[in-house]
Amino acid sequence: MYQQWIRDFEVESFRNNLVTWFQNEQRDLPWRHNQTPYKVWISEVMLQQTRVDTVIPYYKQFLELFPSLEALAEADEQKVLKAWEGLGYYSRARNLHSAVKEVHEKYDGVVPEDPKQFGQLKGVGPYTQGAVLSIAYGKPEPAVDGNVMRVLSRIMSIWDDIAKPKTRKLFEELVRILIDTNHPSDFNQGLMELGALICTPKTPNCLLCPVREQCRAFSEGVQAELPVKSRKKPPRSLEMTAVILRNSQGELLIRRRPSTGLLANLWEFPNHEMVIESETQVDQLKAYIEEDFNIKVNITKHALNIKHVFSHLIWNIKVYEAETTDEISQIEGECFVNRDQLRDYPFPVSHQKIIEYILND
DNA sequence: CAAGCGTGGTC
DNA sequence: TGACCAAGCTT
């Protein structure tokens, strides 16, 4: 069915214009130096749903901490999560770590270049599979991300909703036809670079576009209306409490979150989903804490309020200070630590504001 | 398939 | 200032 679109389309010109433009105009980015499959892989996972400017410092630090696939494979997950702290979507870090360990053990430390094998690793979806195999190994595989869908929807004037999973498959088939098999890496990166620098979501700079002559949306003047993307539901609000609980030595109680779901395996201050509007409900909070940790506590004061916005929900956190003279039983994932030890644990950004409050105290 | 899963930048 | 966005994957 795509042949119909391709028939009158100057495929050769498009490929040459795009690849030549990329070779001349590409940005100088850290992961474009001394490329190895390992480094390409790290960068591609970090870049999932994340801006280049945000990734750069994380990428540099990550490679200093884990300079080789073997180094990452042998690292503790807590160290990996700590290196990922603040970058978001933390399952990326845990899946990457797990996948790298699998490559280390099963493939003797060599990133597999068979699409089927590489694609089966944790955290490697259709995009990452194509991106790593084309960039690192020169395989003519499609790497369809948001940029590519935006660029090609304009080039070919495709009005399908790019928020639908089905639409990505359509673009993958299209790229399989269009891709420059002599320069798969430059072609794929060229599409993404074009989307990042020229064919931007709002007010694309068509006058500087190397493939303007091949763009149907430009010739029809509809580039600003593409791509079509349905919007998702607004996040729901959750009323939360958190407690800064000190023992008699002034140490702070923290705990590790569950190994699945939101912020999995990160650490946090004890918290509950509950509304506090009166003093009686502070007593309820006290009861929750005493039940959770089987100790007696006193809530001493209200510390601060935090509003934290996730992609799919909003936390409104009321933070209190509390003290206890009891010790908790030593359970894995719960412990008292002193102020200086806090920096050794990975915390979500929402709780960084609590840490700031403690350190400024 | 739709929803869950983070964060910081932008206009 | 709130909505949208940024090189997606998993369930």
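Here is the naming used below: chain letters follow the sequence lines, and residue numbers restart at 1 for every chain. Computed from a predicted structure; not experimentally measured.
Residue A/Pro234 is out of contact with every strand shown, counting any heavy-atom pair closer than 4.0 Å. Counting non-hydrogen atoms under 4.0 angstrom, A/Arg231 reaches the backbone sugars and phosphates but no base. Using a 4.0 Å heavy-atom criterion, one finds that A/Lys202 contacts no nucleic acid atom at all. At the heavy-atom level, A/Arg150 lies under 4.0 Å from the strands shown only through sugar-phosphate atoms. A/Leu263 comes within 4.0 angstrom of sugar-phosphate atoms only, judged by non-hydrogen atoms across all strands, and of no base.
Counted by atom type alone, A/Glu251 and A/Gln341 present zero donor-acceptor pairs between their side chains at under 3.5 Å. A donor-acceptor pair shorter than 3.5 Å can be found between the side chains of A/Ser134 and A/Asn188.
At a threshold of 4.5 Å between side-chain heavy atoms, the hydrophobic network of Ile, Leu, Val, Met, Phe, Trp and Tyr places A/Val40 and A/Phe22 in two separate groups. When hydrophobic clusters are built by joining Ile, Leu, Val, Met, Phe, Trp and Tyr residues whose side-chain heavy atoms come closer than 4.5 Å, directly or via intermediates, A/Val19 is grouped together with A/Val144. A/Ile306 and A/Leu253 fall into different hydrophobic clusters, where Ile, Leu, Val, Met, Phe, Trp and Tyr residues are linked whenever their side-chain heavy atoms come under 4.5 Å apart, directly or through other members.
Shortest non-hydrogen contact noted between A/Lys353 and A/Lys307 is NZ-O, 3.8 Å. Annotation for A/Arg255 and A/Glu334: closest pair CB-CG, 4.0 Å, computed over non-hydrogen atoms.
Taking atom P on both B/dG4 and C/dA6, the two are 23 Å apart, rounded to the nearest angstrom. A gap of 15 Å separates the C1' atoms of C/dC5 and C/dT1, to the nearest Å. Taking atom P in both C/dC4 and B/dA3, one finds a spacing of 16 Å when rounded to whole Å. Taking atom P on both nucleotides, B/dG6 is separated from C/dT11 by 13 Å, rounded to a whole Å.
Residue-to-nucleotide contacts include a donor-acceptor pair under 3.5 Å from the side chain of A/Ser311 to the base of B/dG6. Scanning atom types as modelled, one donor and one acceptor separated by under 3.5 angstrom connect the side chain of A/Arg51 and the base of C/dC5.
Using a 4.0 Å cutoff on non-hydrogen atoms, the parts of residues 348-355 of chain A near DNA chain B are A/Pro348, A/Val349, ordered by number. Near DNA chain B, meaning a heavy atom under 4.0 Å away, there are no residues from residues 25-45 of chain A. Using a 4.0 Å cut-off on heavy atoms, none of the residues of residues 203-211 of chain A approach DNA chain B.
A salt bridge is absent between A/Glu172 and A/Lys169: the closest approach of a Lys/Arg side-chain nitrogen to an acidic carboxylate oxygen does not fall below 4.0 angstrom. For the pair A/Lys101 and A/Glu74, the salt-bridge criterion is not met [side-chain N within less than 4.0 Å of a carboxylate O]. A salt bridge is absent between A/Arg256 and A/Glu77; no separation between the charged side-chain nitrogens and carboxylate oxygens falls under 4.0 Å. Ion pair A/Glu12/A/Arg15 flagged as a salt bridge, since at least one NZ, NE, NH1 or NH2 atom sits closer than 4.0 Å to an Asp/Glu carboxylate oxygen.
When ring centroids are compared, A/Phe347 and A/Phe269 come within the 6.0 Å threshold.
Taking 4.0 angstrom as the limit, A/Lys232 places none of its side-chain polar atoms (N or O) nearer than this to OP1 or OP2 of C/dC4. Distances shown here put a side-chain N or O of A/Tyr90 below 4.0 Å from the OP1 or OP2 atom of B/dT7. Residue A/His312 places at least one side-chain N or O under 4.0 Å from the OP1 or OP2 atom of B/dC5.
The CG atom of A/Asp53 sits 13 Å away from the P atom of C/dA6 (whole-angstrom rounding).
Each of A/Met192 and A/Gly123 was matched to the nucleotide of DNA chain C holding its nearest heavy atom; the match closer to the 5' end belongs to A/Met192. Mapping A/Pro165 and A/Arg92 onto DNA chain B by nearest heavy atom places A/Pro165 at the nucleotide closer to the 5' end. Position along DNA chain B of the nearest nucleotide to A/Gly86 versus A/Lys166 favours A/Lys166 as the more 5'-ward residue.
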